[in-house]
Amino acid sequence: QAQLVESGGGLVQAGGSLRLSCAGSGRTFSRWNMGWFRQAPGKERDLVARINWAGKNTVYADSVKGRFAISKDNGRNTLYLQMNSLKPEDTAVYYCAATLRVVETHQPGEYNIWGQGTQVTVSS
C-alpha cells in the first residue's frame with residue numbers, strides 16, 4: 001500500500017528557510033503526480049505547489065511564487081518543498097499528496113494518497 005511521510009517542519013523566524021521532504025513508499029512513485037498543500041487552523045486546505053510525475057511541470061500558488069520551490073526525485077522516491085523568505089502567514093500544517101491521475105485543478109480531491117502532515121510555524 002502506498003504511503004507518504006513528511007518531515008522537515010519546525011519553528012523558524014520570519015525571513016528564514018525550511019526544506020520539507022516527503023518520502024514515498026510503493027513501486028509507482030515515479031508515476032505519481034504530486035503536490036504540497038497547507039492548512040491553517042480554521043481554514044481550508046489549499047494548494048501550495050504541484051508537480052507532474054516527471055518533475056518537469058510545476059504550478060505554484062500566487063502567495064508563494066518566487067519564494068518556494070517544489071522538486072521531485074524519482075530515484076530517491078522523495079518530494080521536496082524548499083521554502084525561503086518565510087512569513088508568519090505561511091504558518092500551517094503542510095501535507096504532501098499524490099495521485100496517478102492527471103491533475104487538472106488545485107482541489108485536494110484530485111489526490112488520493114496523503115501524508116500525515118508536518119507543522120511549520122513562522123514567528124514574527
Side-chain angles (χ1 to χ4, degrees):
Q1 184 175 352
Q3 290 186 325
L4 298 172
V5 178
E6 301 98 334
S7 61
L11 173 64
V12 64
Q13 288 188 333
S17 298
L18 283 175
R19 188 175 81 155
L20 305 184
S21 298
C22 173
S25 63
R27 293 178 293 176
T28 57
F29 183 91
S30 63
R31 294 163 50 198
W32 293 350
N33 296 302
M34 301 189 71
W36 285 99
F37 287 78
R38 66 186 181 187
Q39 188 167 21
K43 295 190 176 181
E44 295 184 346
R45 189 171 297 189
D46 292 327
L47 178 76
V48 175
R50 59 180 169 93
I51 192 167
N52 77 329
W53 62 272
K56 300 297 184 182
N57 297 327
T58 58
V59 173
Y60 294 92
D62 288 342
S63 58
V64 306
K65 282 180 181 176
R67 300 189 298 123
F68 291 10
I70 187 172
S71 60
K72 186 174 187 269
D73 188 337
N74 286 331
R76 296 178 182 271
N77 279 19
T78 303
L79 178 74
Y80 300 99
L81 184 68
Q82 178 66 45
M83 305 186 294
N84 300 324
S85 302
L86 282 161
K87 305 175 180 180
E89 51 264 43
D90 294 319
T91 295
V93 177
Y94 283 70
Y95 299 90
C96 65
T99 180
L100 288 173
R101 298 173 59 185
V102 174
V103 176
E104 298 179 345
T105 73
H106 293 349
Q107 297 302 315
E110 294 262 29
Y111 301 82
N112 62 320
I113 305 169
W114 288 85
Q116 81 289 351
T118 185
Q119 177 71 47
V120 171
T121 303
V122 184
S123 63
S124 57

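- Using a distance-only test at 3.5 Å, with no hydrogens or angles considered, no donor-acceptor pair links the side chain of Lys72 to the main chain of Thr78.
- In this structure, the side chain of Thr118 engages the main chain of Gly9 through a donor-acceptor pair within 3.5 Å.
- Residues satisfying the salt bridge (charged side-chain N to carboxylate O under 4.0 Å, His left out) test with Lys56, not counting sequence neighbours, are none.
- Pairs engaging residues 96-118 under the salt bridge (charged side-chain N to carboxylate O under 4.0 Å, His left out) rule: none recorded [sequence neighbours left out].
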Please list every donor-acceptor pair under 3.5 Å in which a side-chain atom of residues 61-70 meets a protein atom from a residue at least two apart or in another chain.
from, atom 1, to, atom 2, distance (Å)
Asp62, OD1, Lys65, NZ, 3.1
Ser63, OG, Arg38, NH2, 3.4
Arg67, NH1, Ser85, O, 2.9
Arg67, NH1, Asp90, OD2, 2.8
Arg67, NH2, Ser63, O, 2.9
Arg67, NH2, Asp90, OD1, 3.0
Arg67, NH2, Asp90, OD2, 3.4

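- The backbone N or O of Pro88 sits nowhere less than 3.5 Å from a side-chain atom of Ser124 that would complete a donor-acceptor pair.
- Applying the side chain to side chain donor-acceptor pair (under 3.5 Å) test to Gln39 and every residue at least two apart in sequence or in another chain returns Arg45.
- Shown here are the side chain to side chain donor-acceptor pair (under 3.5 Å) partners of Gln119, two or more places apart in sequence or in another chain: Thr121.
- Residue Tyr80 shares its hydrophobic cluster (ILVMFWY side chains chained together at separations under 4.5 Å) with no other residue.
- By the side chain to side chain donor-acceptor pair (under 3.5 Å) test, Ser17 is found to be paired with Asn84, residues two or more places apart in sequence or in another chain being considered.
- The side chain to side chain contact (heavy atoms under 4.5 Å, CB included) test applied to Asn57 returns Asn52, not counting sequence neighbours.
- Residue pairs meeting the salt bridge (charged side-chain N to carboxylate O under 4.0 Å, His left out) criterion with at least one member in residues 10-37, sequence neighbours excluded, do not occur.
- Contact annotation: the side chain of Thr58 never approaches that of Arg50 to less than 4.5 Å [non-hydrogen atoms, C-beta and beyond].
- Annotation: salt bridge (charged side-chain N to carboxylate O under 4.0 Å, His left out) contacts of Asp73 (sequence neighbours excluded): Arg76.
- Judged by distance alone, with hydrogens and angles left aside, the side-chain atoms of Asn77 form no donor-acceptor pair with the main-chain N or O of Phe29 at under 3.5 Å.
- Every side chain to side chain contact (heavy atoms under 4.5 Å, CB included) that Asp46 has, sequence neighbours left out, goes to Glu44.
- Take Glu89 and apply the side chain to side chain donor-acceptor pair (under 3.5 Å) test, not counting sequence neighbours, and it matches no residue.
- Here the SG-CH2 distance, from Cys22 to Trp114, works out to 10.5 Å after rounding to the nearest 0.5 Å.
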